[in-house]
Amino acid sequence: WEVTGYNNGRSAVVGPHVGTTLTVRFEDGTLSGDAGCNRFHGTYARDGARLRVDAAMATTRKHCPDEIMQQEREFLAAVQSAVTWALDRGMLDMHRGDGERALIASRSSER
């Protein structure tokens, strides 16, 4: 999935910085993707529309400009905050426990 918007932790859903791509992939209990600078992976469990993303996620250790690293921290926090998911008109829509959107994504062309 290619992320088109994520919650920045300040009650706003924002798009990725120009020149960066944010992706998420769910496969057999493993969550992975691109956080704009670094790749990440972790685990998740799903029960119907309920989702639990484990807090421990591993990332590669590249360093990018400060604004890209800030985006990466906010994006990964948004992914970890998601507790529900739905597919709506070909879009992945994930929400936090308080009802705020965690992220929204469209099907990735990498598939």
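Worth saying up front: this structure is predicted, and the values here are computed from it rather than measured.
Looking at heavy atoms from C-beta onward, W1 lies out of side-chain contact with L103 at the 4.5 angstrom threshold. Residues Y6 and V14 have side chains in contact (heavy-atom distance under 4.5 Å, counting atoms from C-beta outward). The shortest side-chain heavy-atom distance between V79 and V3 does not fall under the 4.5 Å cut-off.
Screening E100, R96, H95 for a side chain to side chain contact (heavy atoms under 4.5 Å, CB included) involving S81 leaves a single residue, R96.
Proximity of a side-chain donor or acceptor of Q71 to a complementary backbone N or O of G36 within less than 3.5 Å is not detected. Remark: side-chain polar atoms of T84 are not paired, donor with acceptor, to backbone N or O of A49 under 3.5 angstrom. For the pair N7 (side chain) and R101 (backbone), a donor-acceptor distance under 3.5 Å is present.
In this structure, I104 is not a member of the same hydrophobic cluster as V53, with clusters built from ILVMFWY side-chain heavy atoms closer than 4.5 Å. No single ILVMFWY cluster, assembled from side-chain heavy atoms under 4.5 Å apart, contains both L51 and V13. Using a 4.5 Å cut-off between side-chain heavy atoms of Ile, Leu, Val, Met, Phe, Trp and Tyr, with links allowed through other members, W85 and F75 fall into the same hydrophobic cluster.
Between M57 and Q80, the closest heavy-atom pair is CE-CG, 3.1 Å. Shortest non-hydrogen contact noted between L31 and Y44 is N-CD2, 3.9 Å. Closest heavy-atom contact between C37 and M69: SG-SD, 4.0 Å.
The side chain to side chain donor-acceptor pair (under 3.5 Å) analysis of residues 45-54, with sequence neighbours excluded, yields the pairs T43-D54, R52-D54. Pairs passing the side chain to side chain donor-acceptor pair (under 3.5 Å) check and including a residue from residues 29-38, sequence neighbours excluded, read N38-T60, N38-E72.
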Exercise. Evaluate the side chain to side chain contact (heavy atoms under 4.5 Å, CB included) criterion for residues L87 and L92: first the C-alpha distance (whole Å), next the side-chain angles of each, then the deciding distance (0.1 Å), finally the verdict.
Key: CA-CA 5 Å; L87 297 178; L92 173 64; 4.0 Å; yes

